[in-house]
Trainee: 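Structure incoming, see below.
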Amino acid sequence: MNIKKNRWNEPAASDITDYDVYLKRRDFLAGGAALALGSVSGLALAKEAPAIPSPTWTDLVSSNLSIDEKKTSFRDVTTYNNFYEFGTGKDSPARNAVGFPDNSQPWKIVVEGECDNPGSYGYDDFIKPYPLEERIYRMRCVEGWSMVIPWVGFSLSDVLKQAKPNSKAKFVEFTTLYDPDIMIKRNVLDWPYTEGLRIDEAMNPLTMLAVGLYGQELLGQNGAPIRLVVPWKYGFKSIKSIVGIRFVEEMPQSAWMKAGPTEYGFYSNVNPDVPHPRWSQSRERRIGELRKRKTLMFNGYADHVASLYEGMDLVKNF
Ligand SMILES: Nc1nc2c(c(=O)[nH]1)N[C@H]1C(S)=C(S)[C@@H](COP(=O)(O)O)O[C@H]1N2
Ligand SMILES: [Mo]
């Protein structure tokens, strides 16, 4: 079903369906009531309930990269978000990205730059070659909160190898869609949102492209249909809704580096010993918990990634 274009109207509180109610209704509809109700109230339902894309994956292999920590609730993962293209409030993306990306143009991902096998792919063709698995990762936002999220996806390295980077490919730059018809029109950041990784960071097995979470396709607010997840770096490196992957020779400038060069560096590795200029990074609030917990070096992934930064000054290269 096609949902009407989101015209960037903040809905009244009374229009917002409580997520629990919404999930119950979804189960109810899945039980066959959809057929009976469809023609009568389909429009009303589409308006109040964000459509959860189907199908749901049921046969996912669990990765040995997963951590064994309590998962953040589906509700929190899908209603407490940063996705500035859909507004700067934590609850703005869940409200303003309803229907995204179906309400935009058909999804296309361009792989280009310093590689022997560039290409432009529709979303389905892009992900088809890669077996999906579930990976439960920590995510630590630079703002001082964290979550544990069961992602669905595959290693970015699978895609990069397929593109055959040449010897000039030292970095990889990623770009988010910017569609002013459905996204914020203010220049909160220099759109489109971009991010970058060094090629060895991009090739690390932990670095993944996610297409789902909690066993179902990503919702708009989480970066549908495909986003990066780099669990040892602050969350803003995990760029959402990717339309471009480019191999480059020089270190790319990310949208956040342009916005605040003294506050947001290229590396942005989680590091409890390197404070943000305006706040400490030594502790974090795990969403759903009351007491703060200690932030771990490389967000607890030092065994996997510390060797990438051997001999580097992690204060200078923040
Ligand atoms: N395109 C884009 N990607 C983005 C952001 C954004 O505003 N725009 N926010 C980042 C930040 S600050 C965080 S913490 C994570 C949040 O991901 P989540 O909402 O799925 O938990 O997405 C990152 N990716
Ligand atoms: Mo973040």
Side-chain angles (χ1 to χ4, degrees), residues 65-73 76-77 80-84 88-91 93 135-149 151 171 174 188-190 193-198 200-202 204 206-208 210 222-223 227-240 251-318:
L65 295 168
S66 289
I67 54 155
D68 188 16
E69 287 176 28
K70 188 178 184 294
K71 288 178 277 186
T72 305
S73 73
D76 283 339
V77 173
Y80 188 91
N81 300 102
N82 278 333
F83 196 168
Y84 278 12
T88 51
K90 288 288 177 278
D91 59 343
R135 298 196 192 172
I136 305 169
Y137 282 171
R138 293 177 207 94
M139 189 185 69
R140 168 63 154 83
C141 178
V142 72
E143 296 163 344
W145 52 267
S146 64
M147 295 189 182
V148 175
I149 304 177
W151 300 106
F171 296 89
F174 306 86
V188 181
L189 289 167
D190 185 9
Y193 194 104
T194 60
E195 259 305 337
L197 294 172
R198 217 169 57 189
D200 57 344
E201 299 178 317
N204 188 279
L206 274 178
T207 306
M208 76 183 291
N222 293 106
R227 57 93 56 84
L228 193 68
V229 180
V230 197
W232 73 94
K233 293 177 179 285
Y234 291 119
F236 65 86
K237 298 293 291 184
S238 293
I239 181 173
K240 294 178 169 179
M251 178 184 286
Q253 291 280 312
S254 67
W256 276 109
M257 289 166 76
K258 289 183 209 161
T262 59
E263 306 201 347
Y264 306 102
F266 177 80
Y267 285 96
S268 291
N269 293 314
V270 175
N271 189 335
D273 303 326
V274 178
H276 184 277
R278 290 183 279 133
W279 59 85
S280 164
Q281 293 290 23
S282 67
R283 279 146 43 89
E284 68 198 51
R285 188 167 72 89
R286 178 70 52 88
I287 299 299
E289 293 180 355
L290 290 174
R291 294 174 67 94
K292 286 195 174 185
R293 54 167 69 210
K294 281 193 167 162
T295 288
L296 304 173
M297 187 63 199
F298 297 117
N299 204 23
Y301 294 100
D303 287 352
H304 296 272
V305 299
S307 63
L308 295 173
Y309 310 104
E310 238 162 40
M312 247 177 70
D313 181 338
L314 296 180
V315 176
K316 234 175 93 196
N317 299 287
F318 65 93

Trainee: Could you walk me through whether Met251 and Tyr267 pass the side chain to side chain contact (heavy atoms under 4.5 Å, CB included) test, one step at a time?
Mentor: CA-CA 10 Å; Met251 178 184 286; Tyr267 285 96; 4.1 Å; yes
Trainee: What residues, two or more places apart in sequence or in another chain, satisfy side-chain hydrogen bond (donor to acceptor under 3.5 Å, both in side chains) together with Glu289?
Mentor: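 Arg293.
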Trainee: Evaluate Glu195 against Phe236 for side chain to side chain contact (heavy atoms under 4.5 Å, CB included), listing each step before the verdict.
Mentor: CA-CA 8 Å; Glu195 259 305 337; Phe236 65 86; 3.5 Å; yes
Trainee: Specify the closest pair of heavy atoms between Gly196 and Lys237, including all atoms of both residues, with the distance to one decimal.
Mentor: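 Heavy atoms of Gly196 and Lys237 come nearest at O-NZ, 2.8 Å.
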Trainee: Considering all heavy atoms of both residues, which atom of Lys233 and which atom of Leu197 are nearest to each other, and what is their separation?
Mentor: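 Shortest heavy-atom separation between Lys233 and Leu197 comes out as CE-CD2, 3.7 Å.
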Trainee: Take Asp303 and Phe298 through the test side chain to side chain contact (heavy atoms under 4.5 Å, CB included) and record every step on the way to the result.
Mentor: CA-CA 9 Å; Asp303 287 352; Phe298 297 117; over 6 Å; no
Trainee: Looking at the rings of Phe266 and Phe171, which for Trp means the six-membered one, are their centres under 6.0 Å apart?
Mentor: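 Yes, close enough.
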Trainee: Quick one: which of Ile67, Leu206, Ile149 gives a side-chain contact (heavy atoms from CB on, under 4.5 Å) with Tyr137?
Mentor: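 Of the listed residues Ile67, Leu206, Ile149, the side-chain contact (heavy atoms from CB on, under 4.5 Å) partner of Tyr137 is Leu206.
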Trainee: Quick test of your reading of the model: are Lys294 and Glu284 salt-bridged, counting only N-O distances below 4.0 Å?
Mentor: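 Salt bridge flag = no for Glu284 with Lys294.
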Trainee: Quick one: closest heavy-atom pair of Ser280 and Pro275, and the distance?
Mentor: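 For Ser280 and Pro275, the tightest heavy-atom pair comes out as CA-CB, 4.2 Å.
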Trainee: Verify, without hydrogens or angle tests, whether Ser66 (side chain) and Ile136 (backbone) share a donor-acceptor contact under 3.5 angstrom.
Mentor: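 It does hold such a pair.
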Trainee: Report yes if some heavy atom in the side chain of Arg140 is under 4.5 Å from a heavy atom in the side chain of Trp145; otherwise report no.
Mentor: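 No, too far: nothing below the 4.5 Å cut-off.
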Trainee: As an exercise, state the distance from OH of Tyr301 to CG of Asn269, rounded to the nearest 0.5 Å.
Mentor: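 Between Tyr301 OH and Asn269 CG, I get 13.5 Å after rounding to 0.5 Å.
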Trainee: Give a yes or no answer on whether the side chain of Asn81 reaches the backbone of Val77 with a donor-acceptor pair at less than 3.5 Å.
Mentor: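 Yes, Asn81 side chain to Val77 backbone: donor-acceptor pair under 3.5 Å.
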Trainee: With sequence neighbours excluded, what pairs up with Phe83 under the ring-ring contact (aromatic ring centres under 6.0 Å, His included) test?
Mentor: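 Checked Phe83 against ring-ring contact (aromatic ring centres under 6.0 Å, His included); matches are Phe86.
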Trainee: What's the spacing between Asp76 CG and Ile287 CD1 if we round to 0.5 Å?
Mentor: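 Rounded to the nearest 0.5 Å, the CG-CD1 separation comes out at 6.5 Å.
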Trainee: Would you find a donor on one side and an acceptor on the other, under 3.5 Å apart, between the side chain of Asn317 and the backbone of Asp313?
Mentor: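 Pair found, side chain donor or acceptor close to backbone of Asp313.
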Trainee: Taking Glu310 for the side chain and Ser307 for the main chain, is one N or O donor matched with an acceptor at less than 3.5 Å?
Mentor: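 No; judged by distance alone, with no hydrogens or angles, the pair does not exist.
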Trainee: Given Phe318 and Tyr264, is the side chain to side chain contact (heavy atoms under 4.5 Å, CB included) satisfied, shown in steps?
Mentor: CA-CA 8 Å; Phe318 65 93; Tyr264 306 102; 5.7 Å; no
Trainee: Could you tell me the separation between the CD atom of Glu143 and the CZ atom of Arg285, rounded to the nearest 0.5 Å?
Mentor: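 Those atoms lie 11.0 Å apart.
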Trainee: Which residues satisfy the side-chain hydrogen bond (donor to acceptor under 3.5 Å, both in side chains) test with Arg138, sequence neighbours excluded?
Mentor: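 By the side-chain hydrogen bond (donor to acceptor under 3.5 Å, both in side chains) rule, Arg138 matches Glu69.
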Trainee: Measuring from Lys258:NZ to Asp190:CG, what's the distance to the nearest 0.5 Å?
Mentor: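 That separation rounds to 4.5 Å.
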Trainee: Just by modelled atom types, is the Asp273 backbone N or O under 3.5 Å from a matching donor or acceptor in the Asn271 side chain?
Mentor: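 Side chain of Asn271 to backbone of Asp273: a pair is present.
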Trainee: Search all heavy atoms of Val270 against all heavy atoms of Leu296 and return the closest pair with its distance.
Mentor: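 Val270 and Leu296 have their closest heavy atoms at CG1-O, 3.6 Å.
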Trainee: Nearest heavy-atom pair of Thr207 and Ala202: which atoms, and what distance?
Mentor: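 Shortest heavy-atom separation between Thr207 and Ala202 comes out as CB-O, 3.8 Å.
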Trainee: For Trp279 versus Val142, what's the shortest heavy-atom pair and its separation?
Mentor: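 Trp279 and Val142 have their closest heavy atoms at NE1-O, 2.9 Å.
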Trainee: OG/Ser73 to NZ/Lys71 distance, rounded to the nearest 0.5 angstrom?
Mentor: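 Answer rounded to 0.5 Å: 11.5 Å.
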Trainee: Can a side-chain donor-acceptor contact be found between Lys90 and Asn82 if the only test is distance below 3.5 angstrom?
Mentor: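 Distance-only check passes for Asn82 and Lys90.
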Trainee: Regarding Arg286 and Ser146, is there a side-chain donor-to-acceptor distance under 3.5 Å anywhere?
Mentor: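 There is such a pair (donor and acceptor under 3.5 Å, judged by atom type) between the side chains of Arg286 and Ser146.
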Trainee: With rounding to the nearest 0.5 Å, note down the distance linking CD in Glu201 to CH2 in Trp232.
Mentor: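 Those atoms lie 6.0 Å apart.
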